[in-house]
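The structure appears below as structure tokens.
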2 protein chains.
Amino acid sequence: MSNNTDFDLRDFLPYALNQAAEATSLAFQKQYRQRYGMLRTEWRVLFHLGRYGAMTAKEICDRASLHKTKVSRAVRALEQKRFLTRAPQETDRRHEALALTKQGEVVFRELYEAARAYDTALASRFTPQERDVLRRCLQKIAEM
Amino acid sequence: MSNNTDFDLRDFLPYALNQAAEATSLAFQKQYRQRYGMLRTEWRVLFHLGRYGAMTAKEICDRASLHKTKVSRAVRALEQKRFLTRAPQETDRRHEALALTKQGEVVFRELYEAARAYDTALASRFTPQERDVLRRCLQKIAEM
DNA sequence: TGTTGTTAGTTACAAAACCAACTAATATCC
DNA sequence: GGATATTAGTTGGTTTTGTAACTAACAACA
């Protein structure tokens, strides 16, 4: 009301980022949610295992900046769906190597392709320069 | 493993957007959460009323793309904190005009300044061109 | 050896979000 | 006028998330 500047909600970066993030997340969610009843964290865990190979829950936490409870629950859910298996390690029984099953691999590959297609479609709306700036900015903001 | 392309999680826009959005949201959250025990939706509703003046819950839903149940609960919370009041309209008793109280105005002004400062600090890490591209891209993505 | 500390992962409880059904007021149209 | 539809907003119940406390395995070091 009595504000003399023109700082608007849409100018507020956390808001703008959230709106954009939500729009894309909701759009892509259909891929894994409708088909496989997966949650976002499950999809991320699946992605990590599919893309980078077997690893422990801890490694997934670190790489994806996910909290260990989230990962723990996602792993259990994926296990129940028969998308991954656990293999306790001999050297240190606290660790368990998580690996996708055949079925998990198939699902991963499908979603991976869907993700790439979605990303390509989204990116095609911008020039190469814009894409570059956008990615660099997001990267920089994320690693604060 | 057997992927021949180099499409990475960090290349996936929904992921990159989410990471950035979460980082900034969590960082700014301190401002309204610690000081006033407010939730994000409450902060958004407060912002709308403070920045654009009195309006109904419906209008806030539309402008902020928030679901009505979220707004309904945020309004009640803000009311209990004595930050806003409801005034049922004579012409249509379904509508209630929501307006900030004196106290609500004070809180808004403080958070508004904090938001502007936060945004300025964040934006200062980029060149004017980058800022411009970033905002335009986010805008475009959000309005899909 | 045994005490203390650290790490990986789970569980339990509380907070928050989501969705669907609901109430109350108004609009429509016969 | 009265049945039906629509709209604003609320409530209830389920799902999901967040937080903190917990277990189990290992490490360090006296």
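Chain naming here is simple, since letters A, B, ... match the order of the sequence lines and numbering starts at 1 in each.
Scored by the side-chain contact (heavy atoms from CB on, under 4.5 Å) test, R73(B) finds T69(B), R76(B) as partners (sequence neighbours excluded). With sequence neighbours excluded, the residues satisfying side-chain contact (heavy atoms from CB on, under 4.5 Å) with K68(B) are C61(B). Residues satisfying the salt bridge (Lys or Arg N to Asp or Glu O under 4.0 Å) criterion with K70(B), sequence neighbours excluded, are absent altogether. Listed by chain and number, the residues in a side-chain hydrogen bond (donor to acceptor under 3.5 Å, both in side chains) with K140(B) amount to none (sequence neighbours excluded). Taking T127(A) as the reference, Q129(A), E130(A) meet the side-chain contact (heavy atoms from CB on, under 4.5 Å) condition, with sequence neighbours excluded. For R94(B), the salt bridge (Lys or Arg N to Asp or Glu O under 4.0 Å) partners two or more places apart in sequence, or in a different chain, are D92(B).
Residues T24(A) and L13(B) form no side-chain contact, since every pair of their non-hydrogen atoms from C-beta on lies 4.5 Å or further apart.
Applying the ring-ring contact (aromatic ring centres under 6.0 Å, His included) test to pairs two or more places apart or on separate chains, none has a residue in residues 70-90 of chain A. Contacts classified as ring-ring contact (aromatic ring centres under 6.0 Å, His included) and involving residues 113-144 of chain A (residues at least two apart or in different chains) are given here: F28(A)-Y118(A).
Taken residue by residue, residues 69-87 of chain B places heavy atoms nearer than 4.0 Å to DNA chain D at T69(B), S72(B), R73(B), R76(B), R86(B). Contacts between residues 57-67 of chain B and DNA chain D, counted as heavy-atom distances below 4.0 Å, involve A57(B), K58(B).
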Inset, instruction - Please step through side chain to side chain donor-acceptor pair (under 3.5 Å) for the pair T56(A) and E96(A), ending with a clear verdict. - result: CA-CA 6 Å; T56(A) 69; E96(A) 16 185 45; over 6 Å; no
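Mapping E96(A) and T41(B) onto DNA chain C by nearest heavy atom places E96(A) closer to the 5' end of the strand.
The aromatic ring centroids of Y36(B) and Y32(B) lie 6.0 Å or more from each other.
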Legend entry - Base versus backbone protein contacts along nucleotides 22-27 of chain D [heavy-atom cut-off under 4.0 Å; B, S, -]: ---BS-
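In this structure, R40(A) does not reach the dT15(D) phosphate: none of its side-chain N or O atoms is under 4.0 Å from OP1 or OP2.
Between the P atom of dT17(D) and the CD atom of Q29(B) lies a distance of 16 Å, rounded to the nearest Å.
Protein chain B contacts DNA chain C from dA16(C) to dT26(C), reading 5' to 3' and using non-hydrogen atoms of the protein with a distance under 4.0 Å.
Residue R44(A) comes nearest to A64(A) through the heavy atom pair NH1-O, 4.4 Å, listed as atom of the first residue, atom of the second, then distance.
Classification of R116(A) and E113(A) as a salt-bridged pair holds, one side-chain N sitting under 4.0 Å from a carboxylate O.
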